[in-house]
Amino acid sequence: MPRFPAPDGVQLFYDVLGAGDPLVVLGGGPGMDVRYLGDLGGLSAGRRLIRLDGRAAGRSEVPEDRSTVSFVRQAGDVEALREHLGLDRLDLLAHSAGSLTAQEYAARHPGRVRRLVLVTPVGRTGRDIDLADVAAVRATRSAEPWYPQAAAAARELAAGGQGPFLQARLIPFHWHRWAPERRHEYVAGHSTSLPWLRDAFYAGAEAACPSPVSAPVLVVAGASDGMIGVAPARTVAAAHPGARLEVMPASGHRPWVEEPVAFRELVDGFLA
């Protein structure tokens, strides 16, 4: 299995799909096994996808020092991967929470990123979620048969409720078109089982580099993303000069699944 050492010696795993110019891929979650991204709607047909499992995620090692799991610290792992691959510069794509790591890396290493793709990002240097925006997106689904149960789960969580069953009831909000068979997208083992990882990932955000990314940036949002809304993508696009924002009309939080052809054409065209 392809592994490489992070600067602190933690062994990190990556795999490779397809052939062509390399595209380094970071997953979300935080802490998701990167295999949930699949081939990103067929991008591997013309790109060599180098999918990195972040530290404490997927097949990579769990560090003894939990503070090193922060997205600020994980930017150093991306640089270690670039050096391991022998790339002078790289194209970088990240999903959701992984977009924080990607932006941190691109801001700290401006000469190393050729182009940056951020798919349904959670924010610029932290979670830039606008609750009113999320509520408005969710309200557009009120006629759906699953809506009452999902809305009730959202209210319970807002009141302090916890647990995987509540989170599972929110899953339909992640999609533009929800159907029970979509549950196969949530493979057991893809999510982290480490209860501390989420807080550790977002900790230390005050140390994030505030500089805008100088490389060309494509920000992709889903108009029906009832998980985080569209506001975070707008915030991210506004933070980087000349960034291009594309809101995909028939997608939720995973546009490469719901609009694969349009997503592939959009990303391929930008990277080209």
Fill in: More than 12 heavy atoms from other groups under 6.0 Å of CZ on Arg244
yes

Worksheet item: Any side-chain heavy-atom pair from Arg254 and Tyr36 closer than 4.5 angstrom?
Response: yes

Worksheet item: Which pair of non-hydrogen atoms, one from Gln149 and one from Arg169, has the smallest distance, and what is that distance?
Response: O-NH2, 3.5 Å

Worksheet item: Do NZ/NE/NH1/NH2 and the carboxylate oxygens of Arg108 and Glu79 come within less than 4.0 Å?
Response: no

Discussion item. Are the side chains of Leu116 and Tyr105 in contact, using a 4.5 Å heavy-atom criterion?
Written reply: no

Worksheet item: Counting only N and O atoms by type, is there a donor-acceptor contact under 3.5 Å from the side chain of Asp133 to the main-chain atoms of Val230?
Response: yes

Discussion item. Looking at Gly226, is its backbone amide N or carbonyl O close enough to the side chain of Arg138 to form a donor-acceptor pair, meaning the two atoms are under 3.5 Å apart?
Written reply: yes

Fill in: Trace of the side chain to side chain contact (heavy atoms under 4.5 Å, CB included) decision for Trp175 with Val257
CA-CA 10 Å; Trp175 299 89; Val257 177; 3.7 Å; yes

Worksheet item: Between Tyr14 and His84, how do the two ring planes meet: parallel, tilted or perpendicular, split at 30° and 60°?
Response: perpendicular

Worksheet item: Between CD1 of Ile228 and OG of Ser96, what distance do you get to the nearest 0.5 Å?
Response: 5.0 Å

Discussion item. As an exercise, state the distance from CZ of Arg155 to CG of Leu157, rounded to the nearest 0.5 Å.
Written reply: 11.5 Å

Item to complete: Report yes if the side chains of Val137 and Asp225 come closer than 4.5 Å at any heavy-atom pair, otherwise no.
Response: no

Practice prompt. Check the hydrophobic clustering (I, L, V, M, F, W, Y; side-chain heavy atoms under 4.5 Å; chains of links allowed) and say if Leu118 and Met227 are grouped together.
Written response: no

Worksheet entry | Pair Glu259, His176: side-chain N/O donor-acceptor within cut-off below 3.5 Å | no

Discussion item. Counting C-beta onward and ignoring hydrogens, is there a side-chain heavy-atom pair between Leu40 and Leu93 closer than 4.5 Å?
Written reply: yes

Item to complete: Kindly work out whether a path of hydrophobic side-chain contacts (I/L/V/M/F/W/Y, heavy atoms less than 4.5 Å apart) joins Leu23 to Phe263.
Response: yes

Worksheet item: Looking only at heavy atoms, which two atoms of Asp130 and Ala231 are closest? And how far apart?
Response: CB-CB, 3.7 Å

Worksheet item: Under 3.5 Å, is there a donor-acceptor pair between the side chain of Arg182 and the main chain of Arg177?
Response: yes

Worksheet item: Is a side-chain donor or acceptor of Ser70 paired with a backbone partner of Arg73 at a separation under 3.5 angstrom?
Response: yes

Worksheet item: Would the His253 and Phe173 ring centres measure less than 6.0 Å apart?
Response: no

Discussion item. Salt bridge check, Asp8 against Arg55: does any charged N sit closer than 4.0 Å to a carboxylate O?
Written reply: yes

Worksheet item: Any salt bridge between Asp91 and Arg114, counting N to O under 4.0 Å?
Response: yes

Item to complete: To the nearest 0.5 Å, tell me how far His95 NE2 sits from Thr120 OG1.
Response: 3.0 Å

Worksheet item: So if you build clusters from Ile, Leu, Val, Met, Phe, Trp, Tyr with side-chain heavy-atom gaps below 4.5 Å, do Val236 and Ile129 land together?
Response: no

Worksheet item: Are Arg112 and Asp88 side-chain neighbours, meaning at least one heavy-atom pair lies under 4.5 Å?
Response: yes

Worksheet item: Do the non-hydrogen side-chain atoms of Leu49 and Val16 ever get within less than 4.5 Å of each other?
Response: no

Discussion item. Tell me if a side-chain donor or acceptor on Glu61 pairs with a main-chain N or O of Gln11 at a distance below 3.5 Å.
Written reply: yes

Discussion item. Please give me the minimum heavy-atom distance between Leu37 and Gly27, naming the atom from each residue.
Written reply: CD1-CA, 4.0 Å

Worksheet item: So, does Asp53 use its side chain to make a donor-acceptor pair with the main chain of Asp33 at under 3.5 Å?
Response: no

Discussion item. Set out, in order, the CA-CA distance, both residues' side-chain angles and the distance that settles side chain to side chain contact (heavy atoms under 4.5 Å, CB included) for Val10 and Thr68, then state yes or no.
Written reply: CA-CA 10 Å; Val10 172; Thr68 66; 5.6 Å; no

Fill in: Cluster link Val69 to Val62, ILVMFWY, side chain under 4.5 Å
yes

Fill in: Interatomic distance, Ser60 atom OG to Arg3 atom CZ [nearest 0.5 angstrom]
6.5 Å

Practice prompt. Mind listing the closest non-hydrogen atom pair of Tyr147 and Ala139 along with its distance?
Written response: OH-CA, 4.4 Å

Worksheet item: Can you name the one residue among Val117, Leu26, Val213 that meets side chain to side chain contact (heavy atoms under 4.5 Å, CB included) with Leu92?
Response: Leu26

Item to complete: Take Val113 and Arg89, measure what side chain to side chain contact (heavy atoms under 4.5 Å, CB included) needs, and give me the verdict at the end.
Response: CA-CA 5 Å; Val113 177; Arg89 294 199 301 166; over 6 Å; no

Worksheet item: Transitively linked via ILVMFWY side-chain contacts under 4.5 Å: Phe4 with Val24?
Response: yes

Item to complete: May I ask you to test the Met248-Val220 pair for a side-chain heavy-atom distance under 4.5 Å?
Response: yes

Practice prompt. Please tell me if the side chains of Trp256 and Arg264 come closer than 4.5 Å, counting only heavy atoms from C-beta onward.
Written response: no

Worksheet item: Quick one: does Gln103's side chain have a donor or acceptor within less than 3.5 Å of a partner on Gly123's backbone?
Response: yes

Fill in: Residues Tyr202, Val122; criterion side chain to side chain contact (heavy atoms under 4.5 Å, CB included); working and verdict
CA-CA 11 Å; Tyr202 289 111; Val122 298; 4.3 Å; yes

Worksheet item: Got a donor-acceptor contact below 3.5 angstrom from the Asp128 side chain to the Arg124 backbone?
Response: yes

Practice prompt. Determine the minimum heavy-atom distance between Trp178 and Ile171, stating which atoms define it.
Written response: CZ3-CG2, 3.5 Å

Practice prompt. State, to 0.1 Å, how close Met32 and Ser191 come at their nearest heavy-atom pair, and which atoms those are.
Written response: SD-OG, 3.5 Å

Worksheet item: Roughly how far apart are Thr101 OG1 and Gln74 CD, rounded to 0.5 Å?
Response: 5.0 Å

Discussion item. How long is the straight-line distance from CG of Leu17 back to CG of Asp39, given to the nearest 0.5 Å?
Written reply: 7.0 Å

